[in-house]
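One structure is given here, and the rest of the page talks about it.
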Amino acid sequence: MDNTTDRPHTAAGNPSTARAPRLTRRVRTAVLTTALLTAGVALTACGGGSGDGSGTDSRQKSDSGIASLATPSSNGGKSGAPSSAQSAIDAKRPLLRLDSSKEEVNRLWDTYWACLQAHGVPMNTKRVDHPGGQAPPVDDQKVTDQYKAQYHACLDKMPLQPVEERPETNPHYADDFRDYVKCLRSKGFKVHEVFQSDGSPDGWTGDDDGGSFPDEKADNDCRLEAFGGKG
């Protein structure tokens, strides 16, 4: 994956599936952190000071396809109210806005990644955006599992996706996501929505006949229109 997108989590078995709107620059992190939220909460609830806990978010771009960025929900992806331990951590996490600038988003993710590095998490120095820039964590599940405690220690610095882009905080998320995909298609991008087994949105993927994937401007424009254009 390259570092042109901004949040994490590639869809299982399909590197060209994007689970959440907005292509950004830090996508790779999701793969490293999504599974950690639940583990981190469990360790906190049991009084074991560390677990891991990440899962951005967001859109992740694999080396062979488009980014898939899924922001883990505050309850570790399960329905229902988040645990009190996770809610306490989420209350400290920086909250992104729909209109957050690329610079602001990158700054917040750099702060989170710098925390991971300070706690000893291996960094992928080959993915640095510019000389002297902050490298992202190594994208390897074995490494992630090994450093769960370190991830958990930095969870309060991991940015939260905008409230409009999280199903647990937006009751109209399914309709908004459908409008988002329609907007991308209206701009000529051959993508279609995919769903989880319960029928809820699980992102979008490219059509079988191919075509280009949305660029950052088109993605941001459609996000704003679908998730923030309701007045």
Side-chain angles (χ1 to χ4, degrees), residues 5-9 19-22 24-60 69-123 133-138 143-171 173 223 227-228:
T5 59
D6 190 288
R7 285 142 208 175
H9 195 105
R19 291 182 181 257
R22 189 193 306 201
T24 41
R25 162 186 168 243
R26 317 291 185 177
V27 176
R28 178 172 224 140
T29 316
V31 173
L32 301 175
T33 56
T34 300
L36 300 176
L37 272 178
T38 303
V41 172
L43 287 170
T44 301
C46 293
S50 17
D52 140 15
S54 354
T56 157
D57 113 308
S58 232
R59 300 140 199 69
Q60 168 177 347
L69 170 57
T71 302
S73 62
S74 57
N75 61 355
K78 299 179 180 180
S79 59
S83 69
S84 57
Q86 187 62 47
S87 295
I89 293 175
D90 284 352
K92 300 178 181 179
R93 293 170 62 184
L95 178 64
L96 296 173
R97 307 178 313 278
L98 280 175
D99 62 350
S100 290
S101 67
K102 182 176 181 179
E103 291 71 26
E104 180 182 2
V105 172
N106 290 345
R107 175 177 58 78
L108 291 174
W109 279 101
D110 280 345
T111 298
Y112 170 56
W113 286 353
C115 178
L116 295 178
Q117 183 173 18
H119 280 76
V121 175
M123 296 287 114
Q134 175 61 51
V138 170
V143 174
T144 305
D145 291 342
Q146 180 181 352
Y147 289 89
K148 284 183 178 180
Q150 289 79 358
Y151 270 96
H152 184 68
C154 294
L155 181 55
D156 61 351
K157 293 180 173 58
M158 187 180 74
L160 272 170
Q161 293 302 311
V163 293
E164 297 90 344
E165 291 185 278
R166 286 182 280 140
E168 69 272 19
T169 52
N170 177 4
Y173 179 83
R223 284 179 50 252
F227 288 88

Answer whether the closest heavy-atom distance between the side chains of [X] and [Y] falls below 4.5 Å.
X: W113; Y: V121; value: no
X: Q134; Y: Q117; value: yes
X: T169; Y: E164; value: no

For [X] and [Y], which heavy atoms make the closest approach, and how far apart are they?
X: L96; Y: W109; result: CD1-NE1, 4.4 Å
X: L95; Y: P162; result: CD1-CA, 4.4 Å
X: L98; Y: E165; result: CD2-OE1, 3.7 Å
X: Y112; Y: P159; result: CB-CD, 4.3 Å
X: P137; Y: M123; result: CA-CE, 3.6 Å

[X] [atom1] to [Y] [atom2] distance, which is reported to the nearest 0.5 Å:
X: Y151; Y: Q146; atom1: OH; atom2: CD; result: 11.0 Å
X: R93; Y: D90; atom1: CZ; atom2: CG; result: 5.0 Å
X: L160; Y: M158; atom1: CG; atom2: CE; result: 6.5 Å
X: Y147; Y: L116; atom1: OH; atom2: CG; result: 11.5 Å
X: Q86; Y: L155; atom1: CD; atom2: CG; result: 5.5 Å

Among residues at least two apart in sequence or on other chains, which ones pass side chain to side chain contact (heavy atoms under 4.5 Å, CB included) with E104?
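Side chain to side chain contact (heavy atoms under 4.5 Å, CB included) list for E104, sorted by chain: R97, S100, S101, R107, L108.
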
Not counting sequence neighbours, which residues clear side-chain hydrogen bond (donor to acceptor under 3.5 Å, both in side chains) with D156? List them please.
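Applying side-chain hydrogen bond (donor to acceptor under 3.5 Å, both in side chains) to D156 gives none.
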
